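Inspection log for the structure reproduced underneath, given as structure tokens.
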Amino acid sequence: DQQVKQNSPSLSVQEGRISILNCDYTNSMFDYFLWYKKYPAEGPTFLISISSIKDKNEDGRFTVFLNKSAKHLSLHIVPSQPGDSAVYFCAARRSPGNQFYFGTGTSLTVIP
Amino acid sequence: DTGVSQDPRHKITKRGQNVTFRCDPISEHNRLYWYRQTLGQGPEFLTYFQNEAQLEKSRLLSDRFSAERPKGSFSTLEIQRTEQGDSAMYLCASSFGLGAEHGYTFGSGTRLTVV
């Protein structure tokens, strides 16, 4: 069963505007959540993480929000740039253990 | 350091043949992971090593799959008697520590096609 879900396969945003990518999960034992970005023919690249004890984490243009009661997290990119065009994966780790569960990805296109 | 290296980049094999993939992690990383990604899906966990010890294995890792990390350096993933359902991108990643806060560093993957 899919424990981490990204229900939007694709998203298009104008350059300079905000991109919001969403992720839902089902397992309350997840203790860390990560976002990865993937370009074609490359492996995923780590972007940002958040612990389940926090509700927000920022790193430059990237902010991740966690709503544990709704089992929902989102990645905000402000301002969006054409180089941000990629597939974004949400991933979650179940405690105990070190196995990450990935969503199916959202393809972001930033239009110049 | 050139990051995580995987070899080969592409492999085409006939059903029933055995294949072996190699992963060279970042040298100072003590943890190494194998994931598999099929079309339209996210990466799925296969197994993970801390140094040379294999600490977790997914139920996806059937008896036909075996992974090793001798001496805690490079790792190999072998698939015996390949099936068409094994066609996928096999991703290796490494981390220093558990990779929860700072993520893994992934390689570019080995794409396996079983014909």
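All of these numbers come straight from a predicted model, not from anything done at the bench. Reminder, nothing fancy here: chain letters follow the sequence lines and each chain counts from 1.
- There is no contact between Gln50(B) and chain A, counting heavy-atom distances below 4.5 Å.
- Here the closest heavy-atom approach between residue Gln41(B) and residue Phe89(A) is recorded as O-CE2, 4.1 Å.
- The number of heavy-atom neighbours closer than 6.0 Å to CZ of Arg17(A), taken from other residues, nucleotides and ligands shown, is 12 or below.
- Only the side chain of Glu56(B) comes within contact range of chain A, with at least one heavy atom under 4.5 Å from a heavy atom of that chain.
- When heavy atoms are compared at a cutoff of 4.5 Å, Gln6(A) does not approach chain B at all.
- Under the 4.5 Å side-chain heavy-atom criterion for Ile, Leu, Val, Met, Phe, Trp and Tyr, Tyr35(B) and Val87(A) are members of the same hydrophobic cluster.
- Side-chain rings of Tyr104(B) and Phe100(A) approach one another, their centers coming within less than 6.0 Å.
- Under the 4.5 Å side-chain heavy-atom criterion for grouping Ile, Leu, Val, Met, Phe, Trp and Tyr, Tyr88(A) is connected to Leu11(A) within one hydrophobic cluster.
- In this structure, NE2 on His102(B) lies 10.5 Å from CG on Leu34(A), to the nearest 0.5 angstrom.
- For Phe45(B) and Phe102(A), the ring centers are positioned 6.0 Å apart or more.
- In Phe96(B), the CZ atom is not crowded: 12 or fewer heavy atoms of neighbouring residues, nucleotides or ligands sit closer than 6.0 Å.
- Ranked by non-hydrogen atom pairs under 4.5 Å with chain B, the options Ala91(A), Gly105(A), Pro44(A), Ser51(A) are led by Pro44(A).
- With a threshold of 4.5 angstrom between heavy atoms, Tyr101(A) does not approach chain B through any atom at all.
- Taking hydrophobic clusters as Ile, Leu, Val, Met, Phe, Trp and Tyr residues chained together by side-chain heavy-atom distances below 4.5 Å, Tyr48(B) shares a cluster with Phe46(A).
- Note on Gly40(B), Cys92(B), Pro43(B): by heavy-atom pairs under 4.5 Å with chain A, the leading option is Pro43(B).
- Both Trp35(A) and Val4(A) belong to a common hydrophobic cluster when Ile, Leu, Val, Met, Phe, Trp and Tyr are linked at side-chain heavy-atom distances under 4.5 angstrom.
- Note that CD of Gln99(A) is 9.5 Å distant from OG1 of Thr47(B), once rounded to the nearest 0.5 Å.
- If you take NZ on Lys38(A) and CZ on Phe106(B), they are separated by 10.5 Å, rounding to the nearest 0.5 Å.
- Linking Ile, Leu, Val, Met, Phe, Trp and Tyr whenever their side-chain heavy atoms come within less than 4.5 Å puts Tyr33(B) and Tyr32(A) in one cluster.
- Only the side chain of Arg9(B) comes within contact range of chain A, with heavy atoms under 4.5 Å apart.
- Within 6.0 Å of CD1 in Ile12(B) there are 12 or fewer heavy atoms belonging to other residues, nucleotides or ligands.
- In this structure, Gln2(A) places its CD atom where more than 12 heavy-atom neighbours from other residues, nucleotides or ligands lie under 6.0 Å away.
- To the nearest 0.5 angstrom, Glu101(B) atom CD is 11.5 Å from Ile50(A) atom CD1.
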